[in-house]
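Reckoned from all heavy atoms, side chains included, excluding hydrogens, waters and symmetry mates.
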Amino acid sequence: SWLSRAVESLQVFGRERLSCYVLIGFNGETIEEAEERLKAVWSIGCFPYAMLYQPPDKHIEYGKDWRKLAKEWIRPQIIRTRCKSG
């Protein structure tokens with residue numbers, strides 16, 4: 001993917017300096033699918049930060065589980081713990 005190629009070319013900076021926002025909660029995506037995509041970004045060497053999708057024409061009220069996922073995946077220490085433990 002384009003992201004893996006970009007991360008590969010910037011590896012000299014290390015994971016702590018390479019990050020990207022990962023849009024979650026769109027097109028009927030499940031929480032499990034969103035978390036797998038976040039972990040995939042980690043696995044290629046980039047720090048993933050979750051952002052809940054909000055379309056330009058309306059506001060979506062996400063449930064507690066979605067808000068919790070987004071909150072956890074914006075905190076570096078939680079991200080490290082989740083990704084290193086599997």
Any pair counted as salt bridge (Lys or Arg N to Asp or Glu O under 4.0 Å), so long as it reaches residues 52-69, sequence neighbours left out
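Sorted result for residues 52-69: Lys68-Glu72.
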
With hydrophobic residues grouped by side-chain heavy-atom distances under 4.5 Å, do [X] and [Y] end up in a single group?
X	Y	answer
Val41	Tyr53	yes
Tyr21	Leu38	yes
Ile74	Ile79	yes

Centres of the Tyr49 and Trp73 rings: under 6.0 Å?
no

Determine whether Phe26 and Gln54 satisfy the following criterion, side chain to side chain contact (heavy atoms under 4.5 Å, CB included), listing intermediate values before the conclusion.
CA-CA 8 Å; Phe26 60 96; Gln54 287 296 338; over 6 Å; no

I'd like to check the salt bridge (charged side-chain N to carboxylate O under 4.0 Å, His left out) partners of Glu29; sequence neighbours left out, ordered by chain and number.
Arg37

Return the set of residues passing salt bridge (charged side-chain N to carboxylate O under 4.0 Å, His left out) with Lys71 (not counting sequence neighbours), or none when no residue passes.
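Residues passing salt bridge (charged side-chain N to carboxylate O under 4.0 Å, His left out) with Lys71: none at all.
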
Reported [atom1]-to-[atom2] distance for the pair [X] and [Y], which is rounded to 0.5 angstrom:
X	Y	atom1	atom2	answer
Lys39	Arg82	NZ	CZ	6.5 Å
Thr81	Arg75	OG1	CZ	13.0 Å
Ile31	Ile24	CD1	CD1	8.0 Å

Which heavy atom in [X] sits nearest to a heavy atom in [Y], and how many Å separate them?
X	Y	answer
Ala40	Ser43	O-OG, 2.7 Å
Cys20	Cys46	N-SG, 3.8 Å
Leu52	Ala70	CG-CB, 3.8 Å
Pro76	Phe47	CA-CE2, 3.5 Å

Between Val22 and Met51, is a side chain to side chain contact (heavy atoms under 4.5 Å, CB included) present by the stated rule, with each step listed?
CA-CA 6 Å; Val22 179; Met51 298 297 294; over 6 Å; no

